[in-house]
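Labels below follow one simple rule: chain letters A, B, ... track the order of the sequence lines, proteins then strands, and each chain is numbered from 1.
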There are 2 protein chains.
Amino acid sequence: MIICRTINELRQAIRKHRAEHVDNKVGFVPTMGYLHRGHASLLERARTDCSLVVLSIFVNPLQFGPNEDFERYPRDEQRDLELARSAGTDIVFLPQVSEMYPAPTKTIVTVAGVTERLCGASRPGHFDGVATVVTKLLNMAQPDFAYFGMKDAQQVAVIEQMVYDLNMPVTIVPCPTLREADGLALSSRNVYLSEEERRQAVVLSAALNDAEAFMRGEATVTPDQLQAAVVERIQSAPLARIDYADVLSYPSLEPIESFEGVDRIIVALAVKFGKTRLIDNRILHIHA
Amino acid sequence: MIICRTINELRQAIRKHRAEHVDNKVGFVPTMGYLHRGHASLLERARTDCSLVVLSIFVNPLQFGPNEDFERYPRDEQRDLELARSAGTDIVFLPQVSEMYPAPTKTIVTVAGVTERLCGASRPGHFDGVATVVTKLLNMAQPDFAYFGMKDAQQVAVIEQMVYDLNMPVTIVPCPTLREADGLALSSRNVYLSEEERRQAVVLSAALNDAEAFMRGEATVTPDQLQAAVVERIQSAPLARIDYADVLSYPSLEPIESFEGVDRIIVALAVKFGKTRLIDNRILHIHA
C-alpha cells in the first residue's frame, strides 16, 4: 500500500498504474478518516470493480461551520492505515490542510436545489465545502468510479447533481449504510456518545423502521402524519433533541403535501445527543 | 477535421486519439465562434504544442446578462469551420444549448477576488457563467493545455485562479491579443460597429499606448493620474462612452493607491459605442 502525502505523489502513483495496466479502472473512496466498517465496505466494493483502489483521508475544514466539531473530529492515522490495508486499498492519500489549501480558496462550487433543506438548511455553507473539496479530490485522482455511503444521502444527491451539471468524467456509486447490531448507523461521530446516549441513539433507526411499517400498514396516510409518527418516536428518547425529521421527495429532496404522484420518498433525520449530532435516513418506495 | 455535436462524440474522438498515439497531448481552444485571426492564433499555438487540437464553438447563454447580446451575438458556422480547418484544427465541438444544458444547471462555479472589479462589476454573474461553462468544457475534453486570448485578461485571471483552486489537471496558456493595422483589438463584436464607430474605436488602443508612454516618461506619477490621462484620451472620441477605465494591480486585479511595491499593473478598458461594448487592456511592468 502506497502512502501519498502530496498531490504530486498521488498523481504520479495513479499515472504509473494507468501506464502499466491496459485495462485499468481507478476507484476512489474519499473519507474524513476514523474509518469503520462502513468505509471498509466502500473500499471492498471499489476492490471488486477496479484495478486500483485509492482512499483519501482528509478532515476538510471548508465543510465545518464555525461552531462545529472540526478541531475535535476524531483522528487515528495508524488505525485507519490498518483498516485500509485489510480492505484491499492500493493508495492512501493523506494530505495536510496546507497541501489541500495552500491559500484560502477563492473558488467555490455551489449546488442549488438539493441543498436547500435538511443538512443544507441546518449547516449553512456545509455543502459548498463538500462540493468544492470533492471537486478538488476528483481532479487530483481522476478516478473512473467514486464511492459514497448512503448514510449521507443528501451528500450523495449533491455530488450526483454536481457531476451531472459539470459533466465530470466519473461514475458515482452510492453504497448502502452499514449498521451496528441494534440498528445504529455506523458513523465516526458515534465515538462521541456517552454510554447512555449510545443506548438511546438506537431511536433513529427505530423511528425509520416505524416509518417503513407505517407506510406499509396505513391505507391513507399523509407526509405530515408520517413525519408526526417519526417525531413522536424520536421524542420517546429523553436525551434526543431533533435538529430535523423530514419527509421529502427523493432524489429531488423537495417537500411534498401528499404521496400522490410521488415515486420515492426519503425520511431523513438529524438528532442531537448532547453535543453529538447523528444523521440517518431511509428511502421508501411509494406504491399507489 | 471531425465535427462533433454531442458530448459523447467529442469524448469518443478524443479517447480514440489518446489510445492510438502514445505521446499524445490534447490542446483545447474554447470559443464562442465567429472566429477571427485572434482565434486562429490560439489554434496555431495549440497545433505547435499538441498532437490533437480541439476547438469548441458555443455561445454560452449562462454568461450573458438579461439585457446583453446573447440573441444577436454573431454566428457563422460555415465560415468558422473554414477558418478552423485552415488553422490546423482536428476536432470541432459544436453543441446546441440543449446538449450543454439539458436542464438548467443547479451547480455554479464561483471565483471571488479577481471578479470583483472591471467586467465582474459591470456584468453581474458573467464570470460565474464563464467559470461554469469552462469547467464543463474542460471536463468534457480533458485537455492537457487550454488556450485563451489576453484580450479577455480578467477571464484569464478567473480561469487561472479556478484551475489553481480546484486542482484541475490542465495547463492554461494565455496568448497575446491580435490587432487590426490601426491597433483595434480583434473581437467578434467589432462587426457590430458602424463605419464611424469603427473609426473612433481605435481610441482604446491609442489610450493604452498613451498609458505606456506616460509610465515611461513621468518621473513620479500616481495610478489616479494615469487613469485620468487614459480617460481624457478616450473622451476625445465623441461616440465613446466609458463603462470602466481602471488601473489595477496584476494579476490580483486590486485597486492601488501608488505604484510603490507594485510589480505589474493592468490598464483595463470597457468602452461602449452605441450598443457595442468593446474591451481592451495592457499589462505594464513597473520599474522602481
Side-chain angles (χ1 to χ4, degrees), chain A residues 6-8 10-12 14-15 18-19 22-23 56 62 93 95 99-116 120 127-128 130-144 157-170 251-254, chain B residues 6-8 10-12 14-15 18-19 22-23 56 62 93 95 99-116 120 127-128 130-144 157-170 251-254:
Chain A
T6 70
I7 299 162
N8 273 343
L10 174 70
R11 286 195 162 133
Q12 274 172 29
I14 295 171
R15 200 177 300 131
R18 295 241 195 228
V22 178
D23 270 341
S56 70
L62 206 64
F93 180 46
E99 179 71 7
M100 290 293 287
Y101 301 106
T105 184
K106 291 181 173 173
T107 308
I108 296 291
V109 181
T110 299
V111 182
V114 289
T115 56
E116 272 166 39
F127 285 119
D128 285 358
V130 170
T132 303
V133 81
V134 171
T135 299
K136 286 169 67 75
L137 290 165
L138 291 174
N139 282 332
M140 292 170 196
Q142 295 179 260
D144 300 285
V158 167
I159 289 163
E160 287 188 324
Q161 182 72 49
M162 175 182 84
V163 165
Y164 175 81
D165 281 339
L166 297 182
N167 309 92
M168 292 180 173
V170 64
S252 57
L253 305 187
E254 283 165 2
Chain B
T6 71
I7 300 163
N8 273 343
L10 174 70
R11 286 195 162 132
Q12 275 173 29
I14 294 172
R15 199 178 301 130
R18 295 239 194 230
V22 179
D23 270 340
S56 71
L62 207 63
F93 180 46
E99 178 72 7
M100 290 293 287
Y101 301 107
T105 184
K106 290 181 175 175
T107 308
I108 295 292
V109 181
T110 299
V111 182
V114 290
T115 55
E116 272 166 38
F127 284 118
D128 285 359
V130 169
T132 303
V133 81
V134 170
T135 298
K136 286 168 67 74
L137 290 166
L138 291 174
N139 282 332
M140 292 170 194
Q142 296 179 260
D144 300 285
V158 167
I159 289 163
E160 287 188 325
Q161 183 72 49
M162 174 182 83
V163 165
Y164 175 82
D165 282 340
L166 297 182
N167 309 94
M168 293 180 172
V170 63
S252 57
L253 306 186
E254 284 165 1

Undergrad: Which residues pass the salt bridge (charged side-chain N to carboxylate O under 4.0 Å, His left out) test with B:Arg15, not counting sequence neighbours?
TA: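 B:Arg15: no salt bridge (charged side-chain N to carboxylate O under 4.0 Å, His left out) contacts found.
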Undergrad: Taking all non-hydrogen atoms of both residues, which atom of B:Arg11 and which atom of A:Met168 are closest, and how far apart?
TA: NH2-C, 4.4 Å
Undergrad: Give the member of A:Thr135, A:Val114, A:Thr110 that has the highest number of heavy-atom pairs under 4.5 Å with chain B.
TA: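 Between A:Thr135, A:Val114, A:Thr110, the count favours A:Thr110.
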Undergrad: Which atoms of A:Thr115 are under 4.5 Å from chain B, going by heavy atoms: the side chain, the backbone, both sets, or neither?
TA: neither
Undergrad: Sequence neighbours excluded, which residues qualify as side chain to side chain contact (heavy atoms under 4.5 Å, CB included) partners of A:Glu116?
TA: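 Expected list: none.
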Undergrad: Do A:Val109 and B:Thr107 come within less than 4.5 Å of each other through their side chains, counting heavy atoms only?
TA: yes
Undergrad: Checking an interface table here. Which of residues 159-166 of chain B come within a heavy-atom distance under 4.5 Å of chain A?
TA: B:Gln161, B:Met162, B:Tyr164, B:Asp165, B:Leu166
Undergrad: Do you know which of B:Val133, B:Ile108, B:Val170 has the most heavy-atom pairs under 4.5 Å to chain A?
TA: B:Ile108
Undergrad: Among all residues two or more places apart in sequence or in another chain, which pass the side chain to side chain contact (heavy atoms under 4.5 Å, CB included) test with A:Ser56?
TA: A:Phe28, A:Pro30, A:Phe93, A:Leu137
